[in-house]
Amino acid sequence: MTQIPESYNLQHYLYEVQQRVEQHLAVLLKDARCHEKLDRAMTYALTGGGKRFRPFLTYAVADIYDVPHEEADSVACAIELIHCYSLVHDDLPSLDNSELRRGKPSTWKQFDIPTAILTGDTLLTLAFQVVAQDAYLGTMTRSALILMLTQESGARGMAAGQMFDLFPTQPTNMEAILEMQKLKTGCLIAASCQASAIIAGASASEVNFLKQFGHLFGLIFQITDDLLDIEGTADSMGKPIAQDAGKNNLVNLLGVAESKEFLVKLVGEAMQLLEQLPHKGGMLQAVIPWVLNRKN
Ligand code: GRG
């Protein structure tokens with residue numbers, strides 16, 4: 001991939017990221033083969049329609065810091081593995097009970113519940129293995145990345161967010177919803193934004209800056225997702241729409257019009273943050289309109 005695109009086409013960049021991640025994931029899956037049914041379920045859960053938006057963020061930040069994409073590959077794949085695990089587990093009958101994901105039966109529906117649980121477990125475990133064994137990165141960098149991934153996905157990150165969503169510990173108000181969504185969706189997006197800065201050896205304040213940007217962007221991503229549940233179509237979403245009625249989200253709390261106003265404010269803040277980055281954030285700037293206008 002080329003570095004810091006001026007007039008570089010976003011769609012082309014997204015496509016290249018998808019191809020790159022999918023090639024790497026295919027190799028990882030091949031190397032991980034052990035139990036035939038588990039292998040098929042892992043392949044099923046990882047392939048077939050994911051936007052690879054989180055790896056995109058990791059490569060976009062790699063470009064800002066002149067990190068060769070080879071050095072970002074393992075963490076980009078690790079984040080996608082963690083993302084796919086979360087979707088497999090989230091779809092389970094005892095969580096979201098979703099039968100469709102990306103236009104196909106969800107993993108538990110296609111296989112069975114025990115296989116889906118073990119598929120999620122295995123994808124999560126593989127994520128850490130991939131970074132731990134990355135020959136492009138030094139020991140300190142690998143360790144820093146693994147620590148960051150555990151923080152963003154675990155007991156004070158994404159898994160906690162899912163828990164607060166299922167079992168709220170305070171009345172549902174704007175503050176509680178923002179905190180829950182920050183953990184549930186924002187942490188993994190924040191991880192995607194920090195990863196390449198860690199690889200580049202950026203200062204703690206620079207890494208933290210990208211983390212804050214990631215959280216803002218995560219919120220933008222989540223609100224657009226909640227709006228799509230109301231305004232999108234089942235065809236483009238690959239799952240039934242209007243499934244979030246009564247759920248703890250900002251659009252249900254504020255209504256569509258006010259949520260859109262809030263979104264405009266968040267986008268303004270995100271653009272301001274990007275102005276402070278080298279190359280004004282490069283592809284990160286270009287992807288904001290894409291997130292706002294996406295159809296799935
Ligand atoms: C720890 C089990 C567990 C779950 C964590 C992330 C999560 C909580 C659950 C996934 C369900 C969900 C609707 C999360 C909100 C974030 C979100 C919009 C996910 C969908 O991400 P996309 O649009 O998916 O990037 P694709 O299909 O493109 O990969």
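In each ligand, atom 1 is the first atom listed, and ligand 1 is the first ligand listed.
- Annotation: atom 5 (C) of ligand 1 to nearest protein heavy atom, Met158 CG, 3.5 Å.
- Atoms CZ and CG, from Arg294 and Leu228 in turn, are 5.5 Å apart once rounded to the nearest 0.5 Å.
- In this structure, Gln181 falls outside the shell of residues with a heavy atom less than 4.0 angstrom from ligand 1.
- The protein heavy-atom contact nearest to atom 8 (C) of ligand 1 is Gln162 OE1, 3.4 Å.
- Between the side chains of Gln170 and Glu175, not a single donor N or O lies within less than 3.5 Å of an accepting N or O.
- Nearest protein heavy-atom contact of atom 20 (C) of ligand 1 is His83 CE1, 4.0 Å.
- For ligand 1 and Gln222, the ligand atoms under 4.0 Å from any heavy atom of the residue are 15 (C), 16 (C).
- At a 4.0 Å heavy-atom cut-off, ligand 1 does not touch Arg52 at all.
- Inspection of the Tyr59 and Glu16 side chains reveals no N or O donor paired with an N or O acceptor under 3.5 Å.
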#### Entry: Residue pair Ser74, Asp134: steps toward the side-chain hydrogen bond (donor to acceptor under 3.5 Å, both in side chains) verdict
CA-CA 7 Å; Ser74 67; Asp134 184 350; 2.6 Å; yes
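- Nearest protein heavy-atom neighbour of atom 19 (C) of ligand 1: Arg54 NH2, 3.9 Å.
- Sparse packing is recorded around CZ of Phe164, with 12 or fewer heavy atoms of other residues, nucleotides or ligands lying under 6.0 Å away.
- Heavy atoms from both the backbone and the side chain of Lys51 come within less than 4.0 Å of ligand 1.
- In the vicinity of Arg102, heavy-atom distances shorter than 4.0 Å reach the ligand 1 atoms 26 (P), 27 (O), 29 (O).
- The ligand atoms of ligand 1 that sit less than 4.0 angstrom from a heavy atom of Thr185 are 15 (C), 16 (C).
- Considering Leu95, Thr185, Leu183 as possible partners of Gln162, the one that fulfils the side-chain contact (heavy atoms from CB on, under 4.5 Å) test is Leu95.
- Below 4.0 Å from some heavy atom of Leu87 lie the following atoms of ligand 1, by number and element: 10 (C).
- With respect to atom 1 (C) of ligand 1, the closest heavy atom belonging to the protein is Tyr85 OH, 3.4 Å.
- With hydrogens and angles disregarded, a donor-acceptor distance shorter than 3.5 Å links the side chain of Asn252 to the backbone of Lys247.
- Ring geometry for Tyr85 versus His89: interplanar angle over 60°, hence perpendicular rather than tilted (30 to 60°).
- Atom 15 (C) of ligand 1 is approached by the protein to below 4.0 angstrom, counting heavy atoms only.
- Side-chain atoms of Gln18 and Glu22 form no donor-acceptor pair, as typed in the model, at a separation below 3.5 Å.
- Under the 3.5 Å distance criterion, the side-chain polar atoms of Ser106 are left unmatched by any main-chain donor or acceptor of Asp91.
- Nearest protein heavy-atom neighbour of atom 2 (C) of ligand 1: His89 CB, 3.5 Å.
- Contact atoms of ligand 1 toward Asp90: 9 (C), 10 (C), 11 (C) (distance under 4.0 Å to a heavy atom of the residue).
- If you check each of Gly103, Ser86, Pro55 against atom 7 (C) of ligand 1, the one with the closest non-hydrogen atom is Ser86.
- The closest heavy-atom contact to atom 18 (C) of ligand 1, among the options Asp225, Thr224, Ile82, Leu92, comes from Asp225.
- Annotation for Glu71 and Ile199: closest pair O-CD1, 3.2 Å, computed over non-hydrogen atoms.
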